[in-house]
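Let me begin by presenting the structure, written as structure tokens, before commenting on it.
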Amino acid sequence: MARIQNWKPEDPDFWREQGSALAWRTCGVTTFSLIFSFATWFVMSAVVVRMPAIGFKFTTSELFWLAAIPGLASGILRLIHSNFIPLLGTRAVISVATVLKIIPMVWLGYAIQDLSTPWATFMIIGFLCGMGGGDFSSFMPSTSIFFPKRLQGTAMGIQAGLGNFGVSIVQFVAPWIIGFAALGTVVGGPQVFTKADPIKGALAVTKEAGIVRDVQVANAEYAGAIEVVRGEDGRIKDVILKATDTVKPIKAAVKKDESGRITEVATSKGVALDVKRNPAGEISDVALRNVVKKGMWLQNAAFIWVPFLLLAFVLSVIFLRSLQLPTRGFMGQFEILSSRNRARTHTWNCTMTYICSFGSFSGFSAAFPMLIKTLYGGFDGAPDPLAYAFIGPLLGGLVRVATGGFFDKIGGSKGMQWTTIGQIAGVVYLVAGGYLTPSSVEQFSGFLYGMLWIFLMSGINNAATFRQYPIVFAYSPAKGAQMLGWTGAWAAFGPFVWNALIATSIDKTGAVNAFFIGCAVFYVYSLAINWWYYTRQGAERYDYGNAGGTWWDALPEAEKERMKRVDLGQPA
């Protein structure tokens with residue numbers, strides 16, 4: 001299908017008679033597809049918190065890396081996708097990118113059913129899940145080129161806001177969809193899910209230098225059920241749980257077919273003894289737990305998105321169109337790194353501020369479930385990570401939709417300035433309040449409110465960038481579109497960087513405070529860039545909105561034409 005020539009969204013008559021209908025149709029179809037792109041991108045972050053409970057023996061660090069790897073892939077793929085729309089067109093890029101995401105969903109769905117699947121395999125699958133985040137740098141440039149500048153904040157705020165609902169949807173749907181055979185037996189049987197809660201006051205455990213020296217039954221109900229095995233030196237070698245009239249060790253009621261695959265898991269309850277050992281084999285902790293075992297269809301969390309991806313693919317093929325843009329080929333896309341019109345300086349600035357906004361949003365979205373599990377999962381009555389993980393991304397997505405039009409009025413740079421200050425305040429609150437090094441589960445509400453505040457601020461900040469960046473590169477719609485893809489590419493590393501640095505912070509310091517302090521320092525740097533170049537009075541490329549005007553509005557027509565010629569490599 002031939003590309004559309006002479007697209008003139010800034011012409012009021014063209015926009016009213018031809019442009020508006022096609023632009024909004026394109027926005028609608030691509031937004032629908034983007035929702036499920038984001039869902040596939042964050043599937044791994046929803047799955048990893050359940051993997052230990054069905055029998056996978058991965059370490060906390062390995063689980064953080066599984067949540068991180070889709071972010072690495074999405075960043076790399078966004079750098080590639082940021083060049084596609086001007087060269088290949090909206091219809092071809094969005095259609096192909098949508099259907100390809102079926103591959104990791106099907107692979108993950110089958111791999112999660114086999115407890116022998118190695119960690120390396122899941123890392124490969126996680127990398128492929130990154131395709132769902134990678135094509136964002138084709139979605140946003142596409143929307144940018146279809147709309148006039150006065151509506152770009154609104155249109156892209158709607159698209160990014162609704163698209164980011166995919167993050168919330170996958171984390172909201174996952175705990176529900178994995179609880180029953182929603183897709184029947186065609187995608188496999190259940191796994192055995194184990195939930196164990198400590199029994200308060202059951203045992204009195206005495207430790208010395210981190211080693212258990214004595215275990216006494218503190219509750220008469222469990223008398224006779226606990227046997228302490230000691231060596232000749234009197235040290236404890238093992239602790240054994242025995243069945244009594246009142247204590248029944250847990251056993252899973254499982255049915256298997258002739259090939260040994262589980263076909264049914266009956267819910268069962270009982271008591272289990274949790275004996276932990278250090279690398280030297282010495283007992284470091286003992287706990288008695290009430291245990292529930294039941295069936296879980298974790299593969300559903302991946303397979304559920306396949307029909308939606310197929311539908312999005314069909315809609316893209318039927319309804320999307322492509323525009324012919326004045327570009328200079330593939331290599332010309334990298335002119336945002338050249339010195340022409342000070343492009344390199346502003347490319348760097350936009351990249352830093354976008355990492356501050358969307359990088360934070362995507363990074364914390366991917367890390368949020370594991371943060372909850374790691375910081376508060378060891379307490380009695382610990383919160384279920386997936387019961388809360390969807391709230392932050394949902395909040396961040398909603399505010400994008402709600403505030404995009406507002407920043408068209410007042411300017412993106414002002415919104416970025418105030419919300420970055422808000423992000424700094426959120427981090428300081430979490431660190432100073434001790435919510436990242438909790439001593440009880442009662443502190444969880446404070447942690448949750450602090451994190452939701454950061455999601456709120458980063459979401460609004462991100463909405464402001466959609467208005468700001470096309471204004472910074474107002475002399476070239478193609479470069480303005482490519483800038484959205486370029487900055488989105490680097491910010492898409494957020495899930496990888498955030499999870500990797502959190503895991504490193506825990507490994508090196510035993511806590512996550514160092515990571516959060518580092519975030520605050522980076523936010524301050526982003527704040528300074530935005531104020532100096534785009535917000536202060538007389539800033540180089542200020543944006544005070546449709547009401548207050550922009551740097552581009554203030555330029556004489558002759559200077560505008562000169563910048564356009566310079567951009568295309570023509571004599572000034």
Side-chain angles (χ1 to χ4, degrees), residues 41-52 58-75 119 122-123 126-127 129-130 133 167 171 355-379 382-383 385-386 388-393 396 423-424 426-438 443-444 446-455 457-458 490-523 526:
W41 185 19
F42 281 82
V43 160
M44 192 64 78
S45 70
V47 166
V48 292
V49 296
R50 292 288 193 253
M51 292 176 73
F58 301 144
T59 66
T60 297
S61 180
E62 287 174 331
L63 293 173
F64 267 112
W65 276 102
L66 287 179
I69 196 64
L72 175 64
S74 64
W119 178 76
F122 282 113
M123 286 289 282
F127 189 90
C129 287
V167 181
Q171 293 174 339
I355 292 174
C356 176
S357 62
F358 183 75
S360 291
F361 172 82
S362 62
F364 280 123
S365 293
F368 198 26
M370 279 299 296
L371 274 174
I372 295 173
K373 180 178 177 62
T374 302
L375 298 180
Y376 290 90
F379 297 113
L386 292 185
Y388 297 93
F390 75 94
I391 303 176
Q423 289 178 234
I424 296 169
V427 171
V428 171
Y429 163 82
L430 288 173
V431 175
Y435 300 110
L436 303 178
T437 53
Q443 292 174 268
F444 175 70
F447 168 79
L448 180 63
Y449 294 143
M451 288 299 301
L452 292 183
W453 173 260
I454 293 175
F455 277 114
M457 290 295 101
S458 63
W490 291 104
F493 285 111
F496 173 74
V497 173
W498 259 242
N499 278 285
L501 291 181
I502 289 171
T504 301
S505 180
I506 293 173
D507 287 343
K508 299 297 184 181
T509 69
V512 298
N513 286 40
F515 168 76
F516 277 80
I517 292 171
C519 282
V521 172
F522 177 72
Y523 293 161
S526 177

Please find the pair of heavy atoms, one from [X] and one from [Y], that lie closest to each other, and give the distance.
{"X": "Gly363", "Y": "Asn499", "result": "O-ND2, 4.4 Å"}
{"X": "Met123", "Y": "Leu66", "result": "SD-CD2, 3.6 Å"}
{"X": "Phe496", "Y": "Leu72", "result": "CB-N, 3.2 Å"}
{"X": "Pro369", "Y": "Ser365", "result": "CD-O, 3.6 Å"}
{"X": "Ile502", "Y": "Ala367", "result": "CD1-CB, 3.7 Å"}
{"X": "Tyr523", "Y": "Ser360", "result": "OH-OG, 2.6 Å"}

What's the spacing between [X] [atom1] and [Y] [atom2] if we round to 0.5 Å?
{"X": "Leu436", "Y": "Met451", "atom1": "CG", "atom2": "CE", "value": "8.5 Å"}
{"X": "Met457", "Y": "Ile424", "atom1": "CE", "atom2": "CD1", "value": "12.0 Å"}
{"X": "Leu430", "Y": "Tyr449", "atom1": "CG", "atom2": "OH", "value": "13.5 Å"}
{"X": "Phe64", "Y": "Asp507", "atom1": "CZ", "atom2": "CG", "value": "10.0 Å"}
{"X": "Ile506", "Y": "Leu501", "atom1": "CD1", "atom2": "CG", "value": "11.5 Å"}
{"X": "Cys356", "Y": "Gln423", "atom1": "SG", "atom2": "CD", "value": "4.5 Å"}

#### Entry: Verdict with reasoning, Trp498 to Phe515, per ring-ring contact (aromatic ring centres under 6.0 Å, His included)
CA-CA 8 Å; Trp498 259 242; Phe515 168 76; 5.8 Å; yes
Is there a donor-acceptor pair closer than 3.5 Å between any side-chain N or O of [X] and the backbone N or O of [Y]?
{"X": "Ser45", "Y": "Phe42", "answer": "yes"}
{"X": "Ser505", "Y": "Ala511", "answer": "yes"}
{"X": "Ser362", "Y": "Phe358", "answer": "yes"}
{"X": "Trp41", "Y": "Cys129", "answer": "no"}

Are [X] and [Y] packed together at the side-chain level, in the sense that at least one heavy-atom pair is separated by less than 4.5 angstrom?
{"X": "Ile69", "Y": "Met44", "result": "no"}
{"X": "Ile391", "Y": "Phe455", "result": "no"}
{"X": "Thr60", "Y": "Lys373", "result": "no"}

Aromatic ring proximity [X]/[Y], centre distance under 6.0 Å:
{"X": "Phe516", "Y": "Phe364", "result": "yes"}
{"X": "Tyr388", "Y": "Phe444", "result": "yes"}
{"X": "Phe122", "Y": "Trp65", "result": "no"}
{"X": "Phe390", "Y": "Phe368", "result": "no"}

### Query
What residue among Tyr429, Tyr376, Phe447 forms ring-ring contact (aromatic ring centres under 6.0 Å, His included) with Tyr435?
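Exactly one candidate clears the test, Tyr429.
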